Protein chains: 2
Amino acid sequence: MSEPGPSDAYGETRPFRVRSSTAEWAAAILRQRVTEGGLAPGSRLAEDELTAELEVSRNTLREAFSLLGHERLLEHRLNRGVYVRVLSPADVADIYRVRRMIEGAAVRRADRDPAALAALREVVAEADKAAAEGRWSDVGTADLRFHLVIASLNGSERVNMMMAQLLAELRLVFHTMDPHALHAPFLPLNRELLTLLDAGRGPDAEALLSACLDQAERVLLATY
Amino acid sequence: MSEPGPSDAYGETRPFRVRSSTAEWAAAILRQRVTEGGLAPGSRLAEDELTAELEVSRNTLREAFSLLGHERLLEHRLNRGVYVRVLSPADVADIYRVRRMIEGAAVRRADRDPAALAALREVVAEADKAAAEGRWSDVGTADLRFHLVIASLNGSERVNMMMAQLLAELRLVFHTMDPHALHAPFLPLNRELLTLLDAGRGPDAEALLSACLDQAERVLLATY
DNA sequence: CTTATCAAATTGTTCAACAATCCTTACATT
DNA sequence: AATGTAAGGATTGTTGAACAATTTGATAAG
């Protein structure tokens, strides 16, 4: 995931200008720290510290902040700085409302893309393998990808982007929990959902999906 | 920037005390020009011209560009500048795919907010009045608001924002058409949709809405 | 007619300075 | 003691200039 850019460790010059802008490079680093828990929700991101650490100008850093702000990972308060977003219970409820709409519409469709179903099988296998080896963080990643592929059944590029953003937001609250307890219950459920989709049993799939989302929302809201 | 006072000759002057950032102020002006047709799709927005006209620095203007780019109203081509977005037929089709999902889910819900139904009645009345007075541009605005309220039946803040952005995008192609021919057919349809919703006839409303969206999409795609 | 090369114009990025705002601390008043 | 107010220090907001990189258009050579 790390692209060539300015100094990876310190003491390194940055002779190359990458195809992507410097701001996107900085944003990628910050995004990783936020989604992987290095920066806890509520943390303040001071411009001074980060310009020194990332060795980019203040303007570039602020552009990176802007990018992550539009992804709802960072929150920008006027004259007060930038903070890692804190999800409220209302936010979690809202996100699951949207997920029910998007994923519900996806599984209800009659024309299912065989390629997407193949992708689902692959992701499920990936999750099983990770679970067998105890890599529960990877199980979580696979779970998110599973639902991203579900959403893609809608066949809309805009829906894909909305879904990706929703799941990125959810990561903010995921890494405050135990990955095993959070994701283990959904492994068999995802597998069953896949078989229902494969069999063309739309209504059953919709009901199961709805139950999955309800349960996930309950688990997350229980942490508050 | 010599004097911050409201002494500019004409046009939009910067407020004496800006509560929001300068970048958002500039973005608001450009957004208005784009959504109201002052800037046609495909137009280039040169940095030199706009920094002189708006009297903001290049950095601030570029931040405004960034904001509108994330709203999909402007398109940023590397080393080539910023252009008013041009919607492709695929874009229109995708937007209507999302609208069918969002608005379809909205009318299918059983728990309808009485306040929202009242808002729908108000918007329909507003559209009728504008039509009677020949203000077809306002009819178009009312039509968009009608569907925004429909979407709000989902009860999700994020869905509301998604819908607002979709409709802003659609305005880009609306301006290239005759407002009367575009919006007149939907006046009675919206009224009928409202009565169906009021009567709690969800499935009928869903069918009618689906027909409305199909027709609108056909009309828009016919312009290409 | 095609291709190569150069110069002008525009955008990409960074920097340093100043202005505006917020937060803390200390002081004064009741 | 509680409340309100006034520095001041720290941080963010905005600007203008400078230079690098890229595109564009014109010109010249094959």
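If you're wondering where the values come from, they're calculated on a predicted model, not measured in any experiment.
In this structure, CD of E63(B) is placed 15 Å from P of dG12(C), rounded to the nearest angstrom. When the P atom of dC22(C) is taken as reference, atom OH of Y83(A) falls 12 Å away, rounded to whole Å. Atom-to-atom, CG of N59(A) to P of dT11(C) comes out at 17 Å; the value is rounded to the nearest Å.
Residue E122(A) places its CD atom among 12 or fewer non-hydrogen atoms of other residues, nucleotides or ligands, all under 6.0 Å distant.
Between F174(B) and H183(B), a ring centre-to-centre spacing shorter than 6.0 Å is recorded.
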Solution key, residues 112-120 of chain B side-chain donor-acceptor pairs under 3.5 Å, sequence neighbours excluded:
| residue | atom | partner | partner atom | Å |
| --- | --- | --- | --- | --- |
| R112(B) | NH2 | V107(B) | O | 2.6 |
| R112(B) | NH2 | R109(B) | O | 3.2 |
| D113(B) | OD1 | A115(B) | N | 3.1 |

Please tabulate, for side-chain N and O atoms in residues 135-152 of chain B, each donor-acceptor pair with protein atoms closer than 3.5 Å (sequence neighbours left out).
| residue | atom | partner | partner atom | Å |
| --- | --- | --- | --- | --- |
| R135(B) | NE | D138(B) | OD2 | 2.7 |
| R135(B) | NH1 | E133(B) | OE1 | 2.1 |
| T141(B) | OG1 | S137(B) | O | 3.3 |
| D143(B) | OD1 | N190(B) | ND2 | 2.7 |
| H147(B) | ND1 | R99(B) | NH2 | 3.2 |
| H147(B) | ND1 | E103(B) | OE1 | 2.6 |
| S152(B) | OG | V149(B) | O | 2.6 |

I'd like a list of close polar pairs between nucleotides 7-13 of chain D and the protein, N/O only, cut-off under 3.5 Å.
| residue | atom | partner | partner atom | Å |
| --- | --- | --- | --- | --- |
| dT11(D) | O3' | R44(A) | NH1 | 3.4 |
| dT11(D) | O3' | R44(A) | NH2 | 3.4 |
| dT12(D) | OP1 | R44(A) | NH1 | 2.9 |
| dG13(D) | OP1 | H76(A) | NE2 | 3.4 |
| dG13(D) | OP1 | N79(A) | N | 3.3 |
| dG13(D) | OP2 | R62(A) | NH1 | 2.4 |
| dG13(D) | OP2 | R62(A) | NH2 | 3.2 |
| dG13(D) | N7 | R58(A) | NH2 | 2.8 |
| dG13(D) | O6 | R58(A) | NH1 | 3.3 |

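Taking both residues in full, the closest heavy atoms of L67(B) and E24(B) are given as CD1-CG, 4.0 Å, listed atom of the first, atom of the second, then distance.
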